[in-house]
Amino acid sequence: MSTPTLDELENLARQAGIILRQSYEPLPGAINHLQIDYKGPIDLVTDVDRRSENFLLRQIRDSYPDHRVIAEESGALKGHPDHVWYIDPLDGTVNYAHGIPFFSVSIAYQEKGELALGVVYDPMRDECFTAEAGKGAWLNGKPICPSSTQDLAHCLLTTGFPYNIRTNPNNNLDHFARLSLLTQGVRRLGSAALDCCYVACGRLDGYWENEIAPYDVAAGGLIARQAGAVVTNLYGEADFLTPPMTILVAPPAIHAQLSDYFQTYLKRD
Ligand code: IPD
Ligand code: CA
Ligand code: CA
């Protein structure tokens with residue numbers, strides 16, 4: 001069965017990024033141009049999410065009809081389990097709908113159970129984060145590495161919250177509050193894929209989230225790992241793509257300190 005190259009993934013992400021950028025409206029209050037549907041009380045999807053995803057699915061299906069694809073809006077499309085794509089056609093939908101220029105396209109390819117290729121593209125900054133297993137991680141073709149911060153107190157972290165935050169007791173607010181007091185600060189930027197990449201290139205010192213989907217973090221997780229960060233679930237296990245779907249990304253010294261924190265405070269259901 002044929003397999004894709006990193007260049008192919010980058011091309012797909014850049015083309016989907018053009019779709020996002022062309023329909024992006026920085027003043028959405030003035031022009032209500034997006035078709036918005038709600039998947040839950042605060043979980044929305046736009047026509048642009050769907051257009052970007054349909055484009056990606058068409059391209060992947062044409063070239064790799066036997067591969068399995070797991071895409072945010074369409075769910076799992078049947079295919080060979082040795083060849084799996086994880087697609088988030090617009091990671092950061094809430095930012096996008098509000099005219100906040102922080103969102104991305106995320107594409108990963110997994111071969112025989114191992115993440116092989118990952119691309120996260122930020123179309124507003126024309127920043128393309130890429131990685132290939134065993135070869136490295138890059139931002140627009142230049143190698144990247146995580147920060148060298150050694151102690152938690154000097155770390156700038158990022159996190160996210162589940163869309164069922166109002167009803168979910170595991171809503172991450174307790175960790176957000178505690179870690180805000182133990183670090184330089186905690187950001188909530190709104191794109192899990194870019195959160196991973198910002199740790200990968202040293203802009204941020206760590207990222208965690210305690211309810212996440214594989215298409216949110218498959219590409220970003222590989223990019224961070226290939227850049228030299230440690231990527232696990234919150235229990236320290238290397239597999240962050242199967243339940244419990246949680247993630248912890250940080251340079252080695254900080255990962256160890258955050259792991260200690262989560263060992264103390266995490267409640268396993
Ligand atoms: C969301 C974003 C957000 C994260 C959520 C994700 P979406 O993805 O990545 O940062 O906190 O958990 O669901 O809905 O914008 O694709
Ligand atoms: Ca997402
Ligand atoms: Ca999405």
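In what follows, residues are counted from 1 in the order of the sequence shown. Numbering of ligands and ligand atoms starts at 1, following listing order. Bear in mind that the values here come from a model prediction, so they are computed numbers and not experimental data.
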Open item on the list: Side-chain heavy atoms nearer than 4.5 Å, only ILVMFWY residues, links allowed to pass through others: does that put V249 and L222 together?
Closed with: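 Yes, same cluster.
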
Task: contact_flag Y215 ligand 1 heavy-atom lt 4.0 Å - done: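 For ligand 1, residue contact (heavy atoms, under 4.0 Å) with Y215 is absent.
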
Open item on the list: Would L90 count as a contact residue for ligand 1, given that I'm defining contact as a non-hydrogen atom of the residue lying under 4.0 Å from a ligand atom?
Closed with: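 Yes, L90 has a heavy atom closer than 4.0 Å to ligand 1.
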
Task: Short side-chain to backbone donor-acceptor contact, D88 and A213, under 3.5 Å - done: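 No; judged by distance alone, with no hydrogens or angles, the pair does not exist.
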
Open item on the list: Donor-acceptor pair, distance only, cut-off 3.5 Å: does the side chain of S259 make one with the backbone of H255?
Closed with: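 Present.
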
Task: Between OH on residue Y96 and CD1 on residue I36, distance to nearest 0.5 Å - done: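 Rounded to the nearest 0.5 Å, the OH-CD1 separation comes to 10.5 Å.
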
Can you tell me which residue and heavy atom of the protein come closest to [atom], and the distance to 0.1 Å?
| atom | answer |
| --- | --- |
| atom 12 (O) of ligand 1 | E209 OE2, 2.5 Å |
| atom 10 (O) of ligand 1 | G190 C, 3.0 Å |
| atom 14 (O) of ligand 1 | Y163 OH, 2.6 Å |
| atom 6 (C) of ligand 1 | D216 OD1, 3.9 Å |
| atom 8 (O) of ligand 1 | D91 OD1, 3.0 Å |

- [ ] Verify whether one side chain among Y198 and R187 offers a donor that lies under 3.5 Å from an acceptor in the other.
- [x]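 The criterion, which ignores hydrogens and geometry beyond distance, is not satisfied for R187 and Y198.
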
TODO: Answer with yes or no whether the side chains of S74 and E53 bring together a donor and an acceptor at under 3.5 Å.
DONE: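 A pair is found: one side chain offers a donor N or O, the other an acceptor, under 3.5 Å apart.
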
- [ ] Of the side chain and backbone of N95, name the one, both, or neither that has a heavy atom under 4.0 Å from an atom of ligand 1.
- [x]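 For N95, no heavy atom sits under 4.0 Å from ligand 1.
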
- [ ] Anything under 30° is parallel, anything over 60° is perpendicular, the rest tilted; go ahead and classify Y109 against H67.
- [x]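 Rings of Y109 and H67: parallel, as their planes differ by under 30°.
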
Task: Short N or O distance, A192 and ligand 1, threshold 3.5 Å exclusive - done: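 Yes, since at least one N or O of A192 sits under 3.5 Å from an N or O of ligand 1.
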
Open item on the list: What protein N/O/S atoms are there under 3.0 Å from the Ca ion (ligand 3), waters excluded?
Closed with: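 Listed by chain and number, the nearby protein N, O or S atoms are E72 OE1, D88 OD1, L90 O.
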
